[in-house]
Number of protein chains: 2
Amino acid sequence: MQSYTEENYLKIIYHLAEKTTNVQTNAIAEQMQTKPASVTDMIKKLADKGLVDYVKYQGVTLTETGRNAAIDIVRKHRLWEVFLVDKLNFKWDEVHDVAEELEHIRSIELIERLDEFLGFPKADPHGDPIPDKNGRFAKTQFIKLIELKVGDTGTITGVSQHSSAFLKHLEKLGLTLGKKIKISDVTDFDGSVEIQLADKQVNISREVAKHILISSNGKN
Amino acid sequence: MQSYTEENYLKIIYHLAEKTTNVQTNAIAEQMQTKPASVTDMIKKLADKGLVDYVKYQGVTLTETGRNAAIDIVRKHRLWEVFLVDKLNFKWDEVHDVAEELEHIRSIELIERLDEFLGFPKADPHGDPIPDKNGRFAKTQFIKLIELKVGDTGTITGVSQHSSAFLKHLEKLGLTLGKKIKISDVTDFDGSVEIQLADKQVNISREVAKHILISSNGKN
DNA sequence: AAAAATTTTTAGATTTACCTAAAAATTTAA
DNA sequence: TTAAATTTTTAGGTAAATCTAAAAATTTTT
């Protein structure tokens, strides 16, 4: 059984490992809002518990056990986010902090029943996949909106940025999950993208386009 | 802002204060499953923070601030219990431990919305009143079943014992909240009580009868 | 009202998760 | 391929919430 803090370390290491193979002390420290020295201490502890493999100065990787523990927390986090949005009418930019606390509630029964109550959702309010109780993710095929060409169509199915500012911005533009889009223009000047929605046309910066994930339903 | 542990102390002091006016160190220690020495330490801390009044060797009482904090936790605990039973189909004897964790989630917004989602319930699954967001309790008029006389009728509206064993026992006998009862006999020998339900008659010990709360709808 | 029993507090340690400052290892640049 | 910069670790300490053992205060009993 891990402490609240250990769980947070595992979760953060898991997320960092999605980008880089060996996760660095400084990167963990930044995410945990703590100092590298503290991270070293905790990593040793996690290594002693068999949750991470650790070679001095070489960063860490999760063990099988560690990864399973991390996935379990991710599962809880995302299920709670669905609950907050679907049942309590939170907006998608308001759920992160509360889910950050709820994810640590220790009751397998609770999560099984919550999952059922929510109708076994496959993705959270940001489109991130929810692992099933065995830790398995549904296969998802995302393309970054920025990679689409003029004339391409698709459906918004996720975002790769979870900041409240970003999500509120999308909301205001009407670029929410499930919306069907068509690329009507890409500006040479700054790479900004013009998008055709069902009822209107909107313009987004290249930066925004990078963080919108599309399930493509046909290339041009 | 109180720590998780401080919140538990406040809650326990609050509950103990419902029975005795000045709450003793040993009693707190027993409830907290810790040692009296640890309680003394924590009481000093709570006193420094202005949450309890404390005179050495004389026990503690909650201050206005302390009581409000405690009531807030009780509110959260009971609302979560309603959620678990009404929405996730937990049994009334299964909810305590999980609610014990959920009560510490810090988000006013979450609790307001949960309250609304649940339809602003007035009582938890054990019949205990749920304070509103201003900390006010609905007035409830309970009588212990043991105090009823033969021929008296009433409705089961609460219990004063929350152990799983007790609650399962009641469940098995069909003595659940909302059930209408009539006292058909009280045995001289051991004080056990015979109860007439809509569809059957059951016999309970004096000990069980002490912990069933009735809203009386007419004496004999 | 003294003696005995109980309750409560103090003193001194321990553990967890931090910290700062300095040393050591690794990586990057000249 | 050294020197400089960066990253990581070690060493030594702190605060929160505990503990045990012993001392002090209070309450109960005789």
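Just so it is clear, the structure is predicted and the values come from calculations on it, not from any experiment. Throughout, a chain's letter reflects where its sequence line sits, starting with A, and its residues are numbered from 1.
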Task: Sugar-phosphate only, base, or nothing, as touched by B:Thr40 at under 4.0 Å among non-hydrogen atoms - done: base
TODO: May I ask you to verify if any side-chain N or O of B:Lys56 is less than 4.0 angstrom from the OP1 or OP2 atom of C:dT7?
DONE: no
Open item on the list: Whole angstroms only, please: what is the CD1-C1' distance between A:Ile43 and D:dT10?
Closed with: 14 Å
- [ ] For the side chain of A:Ser38, starting at C-beta, report the closest nucleotide among C:dC18, D:dT26, D:dT10.
- [x] C:dC18
Open item on the list: Tell me whether the rings of A:Tyr14 and A:Phe137 are parallel (<30°), tilted (30 to 60°) or perpendicular (>60°).
Closed with: parallel
Task: Minimum-distance nucleotide (side-chain atoms of B:Ala37 versus C:dC18, C:dA11, D:dT9) - done: C:dA11
Task: Euclidean distance, atom CG of residue A:Asp48 to atom P of C:dT15 [Å, nearest integer] - done: 14 Å
- [ ] Tell me whether the OP1 or OP2 atom of D:dT9 has a side-chain N or O from A:Tyr54 closer than 4.0 Å.
- [x] yes
- [ ] Report the residues that fulfil side chain to side chain contact (heavy atoms under 4.5 Å, CB included) with A:Lys144, sequence neighbours left out, ordered by chain and then residue number.
- [x] A:Ile146, A:Glu147, A:Leu213
Open item on the list: Whether A:Asn26 contacts D:dT8 is assessed here as follows: a side-chain N or O lying under 4.0 Å from the phosphate OP1 or OP2. Is that the case?
Closed with: yes
Open item on the list: Would you say the rings of A:His96 and A:His77 are close, in the sense that their centroids are separated by under 6.0 Å?
Closed with: yes
Task: Nearest-Å distance for atom pair CG/P, residues B:Asp41 and C:dA13 - done: 15 Å
Open item on the list: Using modelled atom types and a 3.5 Å cut-off, is there a donor and acceptor pairing between side-chain atoms of B:Gln161 and backbone atoms of B:Ser163?
Closed with: yes
Open item on the list: Can you see if the side chain of B:Thr34 gets near the phosphate of D:dT18 - specifically, an N or O under 4.0 Å from OP1 or OP2?
Closed with: no
Open item on the list: Below the 4.0 Å mark, does C:dT9 have OP1 or OP2 next to a side-chain nitrogen or oxygen of B:Thr25?
Closed with: yes
TODO: Using atom CG of B:Asn8 as one end and atom P of D:dT18 as the other, report the distance to the nearest whole Å.
DONE: 9 Å
Open item on the list: Taking any heavy-atom pair under 4.0 Å as a contact, classify B:Thr5: base, sugar-phosphate, or nothing.
Closed with: sugar-phosphate
Task: A:Lys122, A:Arg78, A:Lys133, A:Arg75 screened by salt bridge (charged side-chain N to carboxylate O under 4.0 Å, His left out) with A:Asp115, the one that passes - done: A:Arg75
TODO: Please report, rounded to the nearest Å, how far the C1' atom of C:dT16 is from the CD atom of A:Gln2.
DONE: 15 Å
- [ ] Return no unless some side-chain N or O of A:Gln24 is found under 4.0 Å from OP1 or OP2 of D:dT7.
- [x] no
Open item on the list: Measuring to OP1 and OP2 of D:dT18, would you say a side-chain N or O of B:Lys35 lies under 4.0 angstrom away?
Closed with: no
- [ ] Quick one: label A:Tyr9 by what it contacts on the DNA or RNA (base, sugar-phosphate, nothing), any heavy atom closer than 4.0 Å.
- [x] sugar-phosphate
